[in-house]
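Side chains are part of it too, since the values below use all heavy atoms of this structure and drop only hydrogens, waters and symmetry mates. Along the sequence shown, residues are numbered consecutively beginning with 1.
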Amino acid sequence: MNDTHTDSTDVDKWDRDLTEHVVALTRPIVKRYFRSEVRGLDNIPEGPSLVVGNHSGGMFTFDLSVFAVDYYDTYGYDRPLYALAFDTIFSGPAAEFFRRTGVIRATRENAAKALASGAVVLVFPGGDYDVYRPTLQENVIDFDGRTGYITTALEANVPIVPAVSIGGQESQLFLTRGQWLARLLRLTKFERRFFRTNIMPVTFGFPFGFSVLAPVNMPLPTKIVTEVLPPIDLGHFGDAPDIKRLDAHVRWTMRKGLKALAAQRHFPVIG
C-alpha cells in the first residue's frame, strides 16, 4: 500500500447512483460471460472490515466487478464498497469515474477514512505481481512480501476477511511475469518510476497469440468463482503482533481456501 501522503477526499466522492448504474452494466458480463459466483458473503461481519483477495486476469482483471455485483445484490447501496488501487490508474481521464464508483487510491489515509466511515474495503495486496502470475501457479497466494494491508487493518482495528478467487488466470495463458525480461531490456528503473512495476508479462491468447504487454488479447469466457472466508480477528494475536506472522497466517488461510476451490474445479475455463 502506498505510504505517500495525499489528500483523503477520494472516499467522499462515492456516487451511489453512478455505482448502481455501473453495476447494472457489468452484471451481464460477469454473470453471463464469466458465469461468476461469489460464495460466503455472509462471512462479512457487520461494520467495517478489510476484504483481502488474490488478484487474477492480467490487464483485464474482473475481480472487483465479480465481487461488487454480488456484494451490492446482497447488501444494497446503503453500505458502500471501496476498492484500493495504485495511483497509476488515476493519472488518466477516468480518474474521477473511478473515485465516484468507489475505487480509491491505495494510501493509508484513504483506507483509514473509508474504514472509519464503517465501509467494507477491498484490497488486492499482490497487485501487478499477483495478477500476472503464471497460469500454472494460479492457485498460489503470493503478495511479493507486501504487508501494508496488515498494518492498515491493525491501525483501524478491523477484521481481515480473506476472499479467494479461481478461474481468472485461465482467461488466457499467462506464461511469465517477465521480471527477467524487464531486467534484460534495462526497463526496470523506468517502469518502477512511471508505472510502479518491474515486470513485462508474456501471455498467449486470442486473437493475437503471444503478447508482451501489447497487443492485448481478449479474455476467454472462463468461469470465475470467489469464496469469502470467515473473518480473522487480529486482536487474537496480542497487543503487539508480528506483522510478518500475521501476513503468513492470512496467506496460509487463503491458500487453504483456494486449494478447496481448486478441488471443486473439473476443467480449465469450463469450471
Got a sec, which hydrophobics cluster with Phe267, joining ILVMFWY side chains under 4.5 Å apart, including via others? Ile270
Aromatic rings Phe67 and Tyr71: how do their planes relate, parallel, tilted or perpendicular, breaks at 30° and 60°? parallel
For the residue pair Tyr72 and Tyr77, categorise the inter-ring angle as parallel (less than 30°), tilted (30 to 60°) or perpendicular (more than 60°). parallel
Ignoring hydrogens and angles, tell me if any N or O in the side chain of Ser36 forms a donor-acceptor pair with the backbone of Val30 under 3.5 Å. yes
Does the plane of the ring in Phe143 sit parallel, tilted or perpendicular to the ring in Tyr149? Use 30° and 60° as the thresholds. perpendicular
Ignoring hydrogens and angles, tell me if any N or O in the side chain of Asn139 forms a donor-acceptor pair with the backbone of Lys259 under 3.5 Å. no
Nearest heavy-atom pair of Arg133 and Gln169: which atoms, and what distance? O-NE2, 2.7 Å
Ring pair (Phe, Tyr, Trp, His ring centres under 6.0 Å) filter on Tyr132, not counting sequence neighbours, yields none
Flag, side chain of Thr61 to backbone of Gly57, donor-acceptor distance under 3.5 Å: no
Counterpart residues, side-chain contact (heavy atoms from CB on, under 4.5 Å), relative to Ala95 (two or more places apart): Phe90, Arg99
Hey, is the main chain of Val225 close enough, under 3.5 Å, to the side chain of Arg35 for a donor-acceptor pair? no
Are the side chain of Tyr82 and the backbone N or O of Ile104 linked by a donor-acceptor pair below 3.5 Å? no
Give me the atom names and distance for the closest heavy-atom approach of Gly53 to Pro125. O-CD, 3.6 Å
Selection residues 202-219 - residue pairs positive for side-chain hydrogen bond (donor to acceptor under 3.5 Å, both in side chains), sequence neighbours left out: Gln172-Thr203
Spell out, yes or no, whether Leu136 and Val164 are grouped together once hydrophobic residues are joined by side-chain heavy atoms under 4.5 Å, including indirect joins. no
Shortest non-hydrogen contact from Pro162 toward Thr253: CG-CG2, 4.2 Å
For residues Leu115 and Thr152, determine if any side-chain heavy atom of one lies less than 4.5 Å from a side-chain heavy atom of the other. yes
So which atom in Val158 and which in Ser49 form the shortest heavy-atom distance, rounded to 0.1 Å? CB-CA, 4.2 Å
Between the main-chain N or O of Gly126 and the side-chain N or O of Arg146, is there a donor-acceptor pair closer than 3.5 Å? yes
What residues, two or more places apart in sequence or in another chain, satisfy side-chain contact (heavy atoms from CB on, under 4.5 Å) together with Arg245? Phe237, Asp242
Listed once per pair and sorted, the salt bridge (charged side-chain N to carboxylate O under 4.0 Å, His left out) pairs that draw on residues 155-175, sequence neighbours left out: Glu170-Arg265
Please name all residues satisfying ring pair (Phe, Tyr, Trp, His ring centres under 6.0 Å) with Phe60, sequence neighbours left out, ordered by chain then number. none
Return each pair, listed once, that meets salt bridge (charged side-chain N to carboxylate O under 4.0 Å, His left out) where at least one residue sits in residues 56-75; pairs must be two or more places apart or across chains. Arg27-Asp73, Lys31-Asp70
Taking atom CG of Asp144 and atom CZ of Arg177, what is their separation to the nearest 0.5 Å? 7.5 Å
Would Val269 and Val66 show up in the same hydrophobic cluster when neighbours are defined by side-chain heavy atoms closer than 4.5 Å? no
Can you give me the closest heavy-atom contact between Val161 and Pro231, atom names plus distance? CG2-CB, 4.0 Å
Test ring pair (Phe, Tyr, Trp, His ring centres under 6.0 Å) applied to Phe208 - qualifying residues, sequence neighbours left out: none
Would you indicate whether Glu46, at its atom CD, is surrounded by more than 12 heavy atoms from other residues, nucleotides or ligands within a distance under 6.0 Å? no
Can you list the other members of the hydrophobic cluster that holds Val140, where links are side-chain heavy atoms under 4.5 angstrom apart? none
Should the pair Asp78-Arg16 be classified as a salt bridge under the 4.0 Å nitrogen-to-oxygen rule? yes
Please find the pair of heavy atoms, one from Pro48 and one from Pro159, that lie closest to each other, and give the distance. O-CD, 3.7 Å
Looking at Asp10 and Arg105, would you say the former's side chain and the latter's main chain have a donor-acceptor pair under 3.5 Å? yes
Sorted by chain and residue number, the salt bridge (charged side-chain N to carboxylate O under 4.0 Å, His left out) partners of Asp17 (sequence neighbours excluded) come out as none
Residue pairs, two or more places apart or on separate chains, that pass ring-ring contact (aromatic ring centres under 6.0 Å, His included) and touch residues 18-39: Phe34-Phe62
Donor-acceptor under 3.5 Å (Thr107 side chain, Asn110 main chain): yes
Under 3.5 Å donor-acceptor, Tyr75 side chain and Leu41 backbone: yes
